[in-house]
Every structure is written in C-alpha cells, then in structure tokens.
Amino acid sequence: MARFNYDMLCSVCNDEESAIRFLQDRGVLHRNRICKNGHDMLIRYESKPLAMQHFQVQDTTGIRTNTWLYNCRLPFLKIVKFIYWWSKELTSIKFCEDELGMNHYTTVDWNNYLREVCTEAIMNN
C-alpha cells in the first residue's frame, strides 16, 4: 500500500467543498444534521460562514458547531493542509508563512491547538 503523501492529499482535497468532505469522512465535521423539526439539513456552500440548513423550516446551524473547529476561522482547505504538514513536523512559522499564507500568531496558535486536540484524544481513549 502506498504511503499517503502531499500529492495524494491535493488530488482528493483541492477546494473548500472537497476539504469539507475530507474532514467529514474522517469524523472531524458532521456529515448529517437534523433540524429542529426532524429533517435532514444540507450544507449551504454559498453562505459565509458555511452553514448546514433546512430550507423549509428556516433552521440554520454553523458547519463547525459542536466540533473542535467551532471557534476556528481558517478555511477548511488550509486546515487540512496544516494538519497534514503538522503530522510531518513541518509547521515552522517560516514554512507556514511561505506555503500556507499563515501569519506568525495563527501558526503558533494552531501548533498549540493541535497538540491540545491530540492530548485530549489520547486522554479520552
């Protein structure tokens, strides 16, 4: 079996919609939500911020709600790329600035944040 590399990541995750599907497939984002009247909600990609919505009952929930990405404002594609490079231990401030367009403070915050997420996941298992 081939190792998952950056070219493979880019082939399956190359825009916001594919990044959302990628995160849904891995359980980071909800795949399905139910509105207050019990109907399936759909992702509304044209909204800012992205939301899941049931149009008939005017029920809207942020796509990041009840996930560990709740307070995050980074685009999903950038999140996926950062997580990939973080797993390769390549998220220096210079690298993230040059390759991901992230500033110093965001890079530091995300490095700390992913350590916290991983620590919590380990503690909960």
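What you see is a predicted model, and the numbers here were worked out from it, not measured in a lab. Start at 1 with the first residue, then count along the sequence.
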Measuring from atom [atom1] of [X] to atom [atom2] of [Y], what distance do you get when rounded to the nearest 0.5 angstrom?
{"X": "Ser18", "Y": "Asp15", "atom1": "OG", "atom2": "CG", "value": "4.0 Å"}
{"X": "Met102", "Y": "Asp109", "atom1": "CE", "atom2": "CG", "value": "8.5 Å"}
{"X": "Asp25", "Y": "Arg31", "atom1": "CG", "atom2": "CZ", "value": "4.5 Å"}
{"X": "Leu114", "Y": "Phe82", "atom1": "CG", "atom2": "CZ", "value": "5.5 Å"}
{"X": "Ile20", "Y": "Gln24", "atom1": "CD1", "atom2": "CD", "value": "7.0 Å"}
{"X": "Glu99", "Y": "Ser92", "atom1": "CD", "atom2": "OG", "value": "9.5 Å"}

**Message:** Check for me whether Arg64 meets the cation-pi criterion with Phe76, that is, NZ or CZ under 6.0 Å from the six-membered ring centre and within 45 degrees of the ring axis.
**Reply:** yes

**Prompt:** After noting the C-alpha distance and the side-chain angles of His30 and Asn66, does the key distance pass the side chain to side chain contact (heavy atoms under 4.5 Å, CB included) rule?
**Reply:** CA-CA 9 Å; His30 298 282; Asn66 296 329; 3.9 Å; yes

**Request:** Using the side-chain contact (heavy atoms from CB on, under 4.5 Å) rule, pick out the option among Tyr84, Phe22, Trp110 that qualifies with Ile79.
**Result:** Trp110

**Prompt:** For Leu23, which of Leu77, Thr67, Val28 qualifies under side-chain contact (heavy atoms from CB on, under 4.5 Å)?
**Reply:** Val28

**Asked** Charged N to carboxylate O below 4.0 Å: is that the case for Asp98 and Lys94?
**Response** yes

**Asked** Under a single-linkage definition using a 4.5 Å side-chain heavy-atom cutoff for Ile, Leu, Val, Met, Phe, Trp and Tyr, are Ile93 and Phe95 assigned to the same hydrophobic cluster?
**Response** no

**Prompt:** Taking a hydrophobic cluster as the set of Ile, Leu, Val, Met, Phe, Trp and Tyr residues connected by side-chain heavy atoms closer than 4.5 Å, whether directly or through intermediates, do Leu90 and Phe4 fall within one such cluster?
**Reply:** yes

**Message:** Under a 3.5 Å distance rule, please check whether Asn111 uses its side chain to pair with a backbone N or O of Thr91 as donor and acceptor.
**Reply:** yes

**Prompt:** Should we say atom CZ of Arg73 is surrounded by more than 12 heavy atoms from elsewhere, each under 6.0 Å from it?
**Reply:** no

**Request:** Check whether any side-chain heavy atom of Arg115 lies under 4.5 Å from a side-chain heavy atom of Trp86, and answer yes or no.
**Result:** yes

**Message:** If you define the side chain from C-beta out and look only at heavy atoms, does anything of Tyr6 sit under 4.5 Å from Lys81?
**Reply:** yes

**Complete:** In terms of heavy-atom contacts, Pro75 and Glu16 come closest through CB-OE2, 3.5 Å

